[in-house]
Visitor: 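Take a look at this one; I'll ask things after.
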Amino acid sequence: MARLHVVTGKGGTGKTTVAAAMALALAEQGKRVLLCEVEGRQGLAQLFDVPPLPYVERRIAQGPGGGEVYALAVDAEAALLEYLDMYYHLGRAGKALEKVGAIDFVTTIAPGLRDVLLTGKVYEATRRKAHGKLAYDAVVLDAPPTGRIAPFLNVNHEVAGLAKVGPIRNQADAIMGMLRSDVTRIHLVTLLEEMPVQETLDAVEQLETLDLRIGSIVVNMVRNSPLDDDALALAVKEKLPAAELTRGLKAAGLTIGDDLVRTLATEAHDHAIRVGLERENRDRIDALGKKVTELELQPEGIDHGALIDLAEEFRA
């Protein structure tokens, strides 16, 4: 059963929101969940309305089933200090490196090392045990966007030029083994729009080339049309009966005028075109043959209540 859920998606698709809702859904099943972010944006703190997250695991939510959500902002520099202390016992010497800016320099010139440090912390949290059992039942990672997800997860390749042997190489191999195993699933968040869908298709191909396992395609911000297929077909052709539009406006208690009827017909036409494009993009997603999860648009925006609603959709 999967214990590490990696969530990615094109910027603007709501991947951080989806990662948070997924963590809450797991917690509602009574699980202890760690929700991680690695991009330094403090998006999770904003979503849960808590102070900026430190490099320490902190409880930010509790599920009705007794589960808990902990959050961690993984920082590459802090992870490197931890790594140096763990493998080389540098301790104060590592702190001295931080003061002179050496750590920032190293992680800047060697982005592959930075990714190993970020994924390494997630790897450690996924495997860590406390009192003879796993510290977390599940780990959810709010990962980099689809445009960078393949190199981010392909840590073996990223460190190939840095280390052929030694602790760094061994850790990269161990991380890669976990990412390719049954415990890991990668979920891709998209909207029913051409660019996010195309990035999703490209990312799936890249990830599967790396032997990484796709969990589900999450179609976010889904809007259900109030028009049936017959009405949509008429709206596309701009042939919606004016008399029916007038009756509908009267039933809504609106003052009727030719301009209002024409405006409504134009909006219906534009709506029908959009629905048609969304259905085409949904067909492209379905052609992947992957599990698809749909999350409805939250018209009032995202707050804690909206996250709970999205978590319920995940559970369903």
Visitor: For the pair T8 and R148, evaluate side chain to side chain donor-acceptor pair (under 3.5 Å) and give the outcome as yes or no after the intermediate values.
Guide: CA-CA 9 Å; T8 183; R148 208 174 86 73; over 6 Å; no

Visitor: Identify which one of K129, E57, R3 satisfies the side chain to side chain donor-acceptor pair (under 3.5 Å) criterion when paired with Y136.
Guide: E57

Visitor: Using a 3.5 Å cut-off and no angle test, enumerate the donor-acceptor pairs between side-chain atoms of residues 178-185 and protein atoms at least two apart in sequence or in another chain.
Guide:
unit_1 : atom_1 : unit_2 : atom_2 : d
R180   : NE     : L210   : O      : 2.8
R180   : NH2    : L210   : O      : 3.2
S181   : OG     : M178   : O      : 2.7
S181   : OG     : V183   : N      : 3.3
D182   : OD1    : R213   : NH1    : 2.7
D182   : OD1    : R213   : NH2    : 3.4
T184   : OG1    : M178   : O      : 2.9
R185   : NH1    : D182   : O      : 3.2

Visitor: So which atom in V197 and which in T190 form the shortest heavy-atom distance, rounded to 0.1 Å?
Guide: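 Distance-wise, the nearest heavy atoms are N-OG1, 3.4 Å.
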
Visitor: Less than 4.0 Å between a side-chain N and a carboxylate O, is that true for E208 and K290?
Guide: yes

Visitor: Side chains of R284 and Q198: any donor to acceptor distance under 3.5 Å?
Guide: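 Yes, because at least one side-chain N or O of Q198 sits under 3.5 Å from a partner of the opposite role on R284.
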
Visitor: Check K15 with D142, please: is the shortest side-chain N to carboxylate O separation under 4.0 Å?
Guide: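 The answer is yes: the pair qualifies as a salt bridge.
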
Visitor: Would you please test E68 and K31 for salt bridge (charged side-chain N to carboxylate O under 4.0 Å, His left out) and show each step?
Guide: CA-CA 6 Å; E68 299 173 303; K31 295 184 178 181; over 6 Å; no

Visitor: Establish, from distance only, whether the side-chain atoms of Q171 and Y123 form a donor-acceptor pair under 3.5 Å.
Guide: no

Visitor: For R279 and L232, what are the C-alpha separation, side-chain angles and deciding distance, and is it a side-chain contact (heavy atoms from CB on, under 4.5 Å)?
Guide: CA-CA 12 Å; R279 289 180 176 180; L232 288 169; 3.8 Å; yes

Visitor: Which atoms form the tightest heavy-atom contact between C36 and L44, and what is the distance?
Guide: C-CD1, 4.1 Å

Visitor: Begin from the C-alpha positions of D202 and Q206 and carry the test side chain to side chain donor-acceptor pair (under 3.5 Å) through to its verdict.
Guide: CA-CA 6 Å; D202 294 342; Q206 293 166 2; 5.8 Å; no

Visitor: Check the hydrophobic clustering (I, L, V, M, F, W, Y; side-chain heavy atoms under 4.5 Å; chains of links allowed) and say if L192 and V236 are grouped together.
Guide: no

